[in-house]
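These numbers come from a predicted model, not from an experiment.
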Amino acid sequence: MEYDFRKIEQEWQVRWKLNKTYKVFNDAAKPKYYVLDMFPYPSGAGLHVGHPLGYIASDIYSRYKRLKGFNVLHPMGYDSFGLPAEQYALETGQHPAVTTEKNIATFRGQLDKIGFCYDWDRAIKTSDASYYKWTQWIFLQIFDSWFNRITNRAERIAGLVKIFETEGNLQHACPGDKVQIFAAQEWNNLDEKTKQEILMDYRLTFSAYGEVNWCEALGTVLANDEVVNGVSERGGHPVEKKKMRQWYLRITEYADRLLEGLERIEFSDAMKEMQKNWIGKSQGAEMDFAIRDHDQLLRVYTTRPDTIFGVDFMVVAPEHELVKQITTAAQKREIDNYLTYVKSRSERERLAEVKQITGCFTGAYAINPFDGREIPIWIAEYVLAGYGTGAIMAVPCGDQRDFGFARHFNIPITNIIGSYFNGEEANATKEAILQNSGFLNGLLMKDAISVAVNKIEELRIGTRKVNFRMRDAGFSRQRYWGEPFPVIWQDGVAIPLDAVELPLELPHVDKYGPGPNGEGPLANIEDWVNLIPNASPKERGTGEVKRETSTMPGYAGSSWYFLRYMDPENTQSFCDRKASDYWGQVDIYIGGTEHAVGHLLYSRMWTKILFDLGYIGHDEPFKKLVNQGMIQGSSRYMYRVSPVIITADGFDQALLPYIFISKSIADKLELEDKLAYENTMKFAERSLADVYGDWVITITGISILKTHVDVNFVDGLELDIDQFKKWRNGEYANAKFINEDDGTYICGVETEKMSKSKYNTVNPDILVDKYGADTFRMYEMFLGPVEQSKPWDTKGIEGVHRFLRKLWRLFYDEGKGKLWNENKATDAELKVLHRSIKKIEEDTERFSFNTAVSTFMICVNELADLKCNKKEVLENVLILLTPYAPHIAEELWNRLGNSNSILDAAYPVFDGKYLVESSKEYPISINGKVRANINLALSLEQAEVEKIVLENEVVQKWLDGREPKKIIYVKNKMVNVVI
RNA sequence: GCCCAUGUGGCGGAAUUGGUAGACGCAGCAGACUCAAAAUCUGCCAUUCGCAAGGGUGUGAAGGUUCGAUUCCUUUCGUGGGCACCA
């Protein structure tokens with residue numbers, strides 16, 4: 001009776017489905033536990049072995065928690081809106097809904113083979129109207145909210161209107177327009193449109209103008225992804241910045257709450273660090289500089305007001321509105337040229353560029369209010385309009401980028417930090433005593449900061465200011481395949497749809513190309529966009545009425561999906577409060593670090609808003625986050641020889657034969673090995689002669705081209721030449737090879753991202769077919785820690801498969817049949833069992849699945865050595881194994897005579913009494929190096945140990961008659977003799 | 001460029017709190033079983049010197065703290081991820 005994994009796995013998958021083994025109910029009898037995987041986008045390429053890594057980890061943890069007596073919610077669904085499907089639609093004309101559905105079916109099929117315990121009845125798709133109805137509904141709630149900085153939470157707009165009507169906005173500075181200040185009476189006298197415009201500056205989702213990547217040739221807005229080196233990825237057309245009306249999430253209002261919340265959740269320090277840096281809270285000062293010959297003031301933000309006397313120039317963002325006004329006639333041309341250059345640059349490029357310093361002098365001068373010095377005002381791409389005030393005061397002796405700039409443009413540098421500045425590079429210290437610094441002279445820099453700010457405030461030329469690097473999040477896309485905004489525009493005022501009008505369904509389009517003026521494809525559907533006034537439930541007046549034609553970004557649907565799983569079929573609300581109160585936070589969230597600052601910040605923000613508005617009872621969505629590493633591809637390379645040929649008339653390039661040389665020969669050529677070169681040349685000549693016959697062909701040289709070859713027909717490093725010849729419809733059928741001496745072709749290796757184009761993807765289906773899901777699951781875990789990135793190599797999978805077969809052989813023998821019995825277990829057997837229970841439980845708890853798999857192997861090896869076939873022991877091993885290899889565990893559990901599912905068994909309880917030891921083999925070190933081992937009773941104290949150790953032959957030899965300086969004895973660890 | 005992670009045998013990795021570096025597995029080598037192969041089992045397997053006993057070296061590199069460092073600190077190099085419209 002052998003381990004027939006194909007039959008076992010298929011049978012159990014069917015039975016689990018029929019018995020609804022994974023169905024989860026929202027009942028409170030058991031303690032709840034919520035395990036969540038990051039929302040996948042169903043890509044057309046299908047799964048490769050890297051994708052299920054996190055899913056297997058969460059599946060193991062879910063099953064483990066269930067065995068431990070929890071009611072476990074472990075759902076899966078699809079983040080099914082997104083750019084790739086739309087891109088595919090543009091290319092093939094197929095509707096994204098159709099291709100997405102197809103991709104989902106593939107995805108589901110692949111997941112099912114691996115035997116996950118998802119409750120598929122709770123599956124959701126963000127592109128389903130029944131789902132995005134609620135995404136739109138939440139959008140409307142956010143639209144109807146503002147952030148009250150006094151109560152520190154989101155509140156309804158109606159409340160804000162009341163405040164304006166009674167006290168104006170004196171208590172509530174406008175986040176969108178800082179100069180907007182009015183009293184109650186002024187507010188009451190405003191017309192409706194102006195009122196709405198002001199309210200827009202408070203709303204937590206709002207519409208305003210922002211810059212996008214505009215590609216004139218394609219007539220469309222491009223994602224950063226689609227812009228490569230300043231031109232469009234498709235077609236290579238120029239891309240420039242363009243201002244367009246956009247929707248935003250006012251996430252900056254939540255900056256402090258997002259920072260504070262980090263204290264209460266279990267994310268890795270690295271993850272928290274990334275979010276903190278993204279939010280980028282800094283303390284500093286804003287101050288105004290007068291500009292020579294102008295009335296306007298130049299406002300800068302600085303975190304180092306102590307360096308005010310070291311300011312040698314100002315740098316203003318090229319987009320800054322003052323630039324046009326202050327540029328002198330003499331500099332105008334140069335500035336215009338520079339502005340054109342900057343327009344073509346992406347933000348990333350602007351910030352990353354350090355080698356090539358660019359900038360341009362405006363001709364204007366700011367006045368230092370403390371010493372009256374005239375400071376030249378420059379513009380440079382490294383200052384962005386969106387950060388701070390869009391202008392900085394440059395202190396070359398203290399800031400490296402300012403220093404480089406000053407050097408490059410020959411701007412004289414003032415040293416205010418004495419010997420701390422060496423003239424060769426800037427020094428950002430806060431420890432220097434200030435010099436050349438007027439009233440700050442003699443002060444330590446870190447003390448001078450507040451002295452300087454106080455003075456600035458006293459002179460009323462600036463204020464203390466907390467600044468955030470984070471910006472409001474762009475929330476609209478000029479695309480088709482996303483949630484339509486439930487908003488109508490009338491006379492420039494955005495009017496939200498009524499909740500009863502939701503969902504606003506995505507209309508069908510025939511073409512996916514952009515609309516007019518860079519609008520999204522929806523703008524092309526005139527009868528959808530243009531509405532008849534007064535036709536809807538709300539009074540809409542008589543003006544021009546149009547729908548918003550942008551759609552929401554990918555992160556809209558994924559910012560709240562974890563709530564929908566709790567109550568997926570609810571038609572009355574996005575999630576019943578009872579359900580969200582029961583399930584609460586996601587207890588464990590597993591996913592990649594690539595979401596560190598996008599999804600993980602947006603979903604935290606949405607949760608906080610829903611909490612503030614009273615729809616849910618918790619304000620952090622994820623209690624604990626585990627980051628899974630990436631599985632990288634291990635690419636294989638072939639070395640192709642291209643002969644350089646002098647051709648004659650009528651030479652047919654198409655006949656050129658493929659010639660490949662094995663790795664060691666390529667290596668030799670690389671080292672300019674003469675013999676290898678000549679041999680290769682001769683080989684190439686002969687190969688050409690075979691093809692071209694009589695043609696006289698002279699080869700003048702060869703070049704080597706490294707090309708990817710599909711890893712699926714390379715065994716280790718050795719190419720399967722027959723398979724290779726069949727690749728790509730026989731393109732290489734006549735390829736010629738120079739092999740190694742033993743006749744094999746050896747490929748080169750490199751680790752890189754797993755992707756189709758690199759031919760290094762490995763499909764899990766093939767492995768599951770060949771070895772079974774249980775083997776596949778355990779092997780993925782065995783590869784290494786979940787958190788770590790590692791290259792995939794299929795080779796080792798045999799070892800895990802052998803382990804499962806060995807486990808099977810503890811129960812059944814191919815020849816003898818049933819081996820398991822009901823005999824009483826010995827102490828030695830129980831010791832193996834309990835040691836395994838302890839280690840596997842600990843390892844599973846701390847997500848150290850790779851070491852748990854090792855422990856299973858050790859356990860089975862030891863039980864096999866002990867010839868233990870006892871049900872008493874094996875039954876417990878099966879329960880331990882269930883989370884990792886559910887099919888084989890269930891099958892053997894069943895064969896042991898159990899009628900219930902092993903998932904409803906009780907997890908074995910560790911009992912320390914089987915592990916008690918009275919002595920230990922201690923390593924004895926001399927000066928930290930182990931020289932001997934002595935078996936010592938654990939009860940011994942320092943003095944007794946010293947005596948025994950000093951009597952030891954090896955120790956005496958090393959002492960060589962000397963007295964030891966010290967003997968360190970750490971109970972249950974080691975002994976170190978210091979000489 | 002900035003932020004984060006990471007670096008240990010031929011390979012994936014282990015060493016959980018500063019305490020025997022290399023568990024477990026792959027690959028490799030030798031052997032048993034077999035007509036043979038597969039499967040299975042046994043042994044060896046960081047490197048170097050040595051017949052051996054035993055010794056030297058060794059966790060990317062260079063320093064440091066410590067009786068003792070893969071683990072802590074400083075500097076530095078390589079690789080991977082993110083950087084606001086991929087999801």
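Between rA21(B) and rU40(B), the two P atoms lie 34 Å apart (nearest whole Å). Here, rA61(B) and rG7(B) have their C1' atoms 11 Å apart, quoted to the whole Å. Separation of the P atoms belonging to rU17(B) and rC83(B) is 32 Å when rounded to the nearest angstrom.
Between Asn935(A) atom CG and rU20(B) atom C1' there is a gap of 14 Å when expressed in whole angstrom units. Atom P of nucleotide rU79(B) and atom CD1 of Ile631(A) are separated by 22 Å, given to the nearest angstrom. Residue Asn972(A) contributes atom CG, which lies 12 Å from atom P of rU20(B) at whole-angstrom precision. To the nearest angstrom, C1' of rG1(B) lies 12 Å from CD of Glu381(A). For the pair Arg802(A) CZ and rA27(B) P, the interatomic distance rounds to 5 Å; values are reported in whole Å.
No engagement by Lys971(A) is indicated, since no non-hydrogen atom pair under 4.0 Å with the nucleic acid exists. At a threshold of 4.0 angstrom between heavy atoms, the contacts of Asn627(A) with the nucleic acid are absent. Note on Lys806(A): only backbone sugar-phosphate atoms sit closer than 4.0 angstrom, heavy atoms only; bases stay farther off. Met857(A) comes within 4.0 angstrom of the backbone, heavy atoms only, and of no base. Base engagement by Arg846(A) is indicated by at least one non-hydrogen atom pair under 4.0 Å involving a base atom. Using a 4.0 Å heavy-atom criterion, one finds that Trp958(A) contacts the sugar-phosphate atoms exclusively. Contact annotation for Ile968(A): base contact, defined as any heavy-atom pair under 4.0 Å involving a base atom.
Classified by its glycosidic torsion, rG9(B) falls in the syn category, the angle being within 90° of 0.
Between Lys758(A) and Met754(A) there is no side-chain heavy-atom pair separated by less than 4.5 Å. Counting heavy atoms from C-beta outward, Tyr480(A) and Leu522(A) have side chains that approach closer than 4.5 Å.
For Lys839(A) and rU16(B), a side-chain-to-base donor-acceptor distance below 3.5 Å is present, hydrogens and geometry of angles not being considered.
Partners of Glu798(A) by side chain to side chain contact (heavy atoms under 4.5 Å, CB included), not counting sequence neighbours, listed by chain and number: Tyr771(A), Arg802(A).
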Encode nucleotides 68-78 of chain B as B, S and - characters from 5' to 3', where the letter depends on protein heavy atoms closer than 4.0 Å: B to the base, S only to sugar-phosphate, - to neither.
-> S----------
How would nucleotides 80-87 of chain B be written as a contact map, 5' to 3', with B for base contact, S for sugar-phosphate-only contact and - for no contact, using protein heavy atoms under 4.0 Å?
-> SSSBBBBB
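Across all strands shown, rC26(B) pairs with rG10(B); the Watson-Crick or G-U wobble distances both stay below 3.5 Å. Using Watson-Crick or G-U wobble geometry with both donor-acceptor distances under 3.5 Å, rG80(B) finds its partner in rC4(B).
Side-chain nitrogen and oxygen atoms of Asn861(A) include at least one within less than 4.0 Å of the OP1 or OP2 phosphate oxygen of rG25(B).
Each of Thr851(A) and Val970(A) lies near RNA chain B, and the nucleotide nearest Thr851(A) is the one positioned closer to the 5' end.
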Trace of the salt bridge (Lys or Arg N to Asp or Glu O under 4.0 Å) decision for Glu226(A) with Arg479(A) = CA-CA 14 Å; Glu226(A) 300 172 301; Arg479(A) 301 286 176 180; 2.8 Å; yes
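The aromatic rings of Tyr884(A) and Phe856(A) sit perpendicular to each other, their planes meeting at more than 60°, with 30° as the lower class boundary.
Judged purely by distance below 3.5 Å, without hydrogens or angles, the side chains of Tyr561(A) and Ser603(A) never pair a donor atom with an acceptor atom.
The one candidate from Phe39(A), Tyr132(A), Tyr41(A), Trp560(A) that meets the side chain to side chain contact (heavy atoms under 4.5 Å, CB included) condition with Thr126(A) is Phe39(A).
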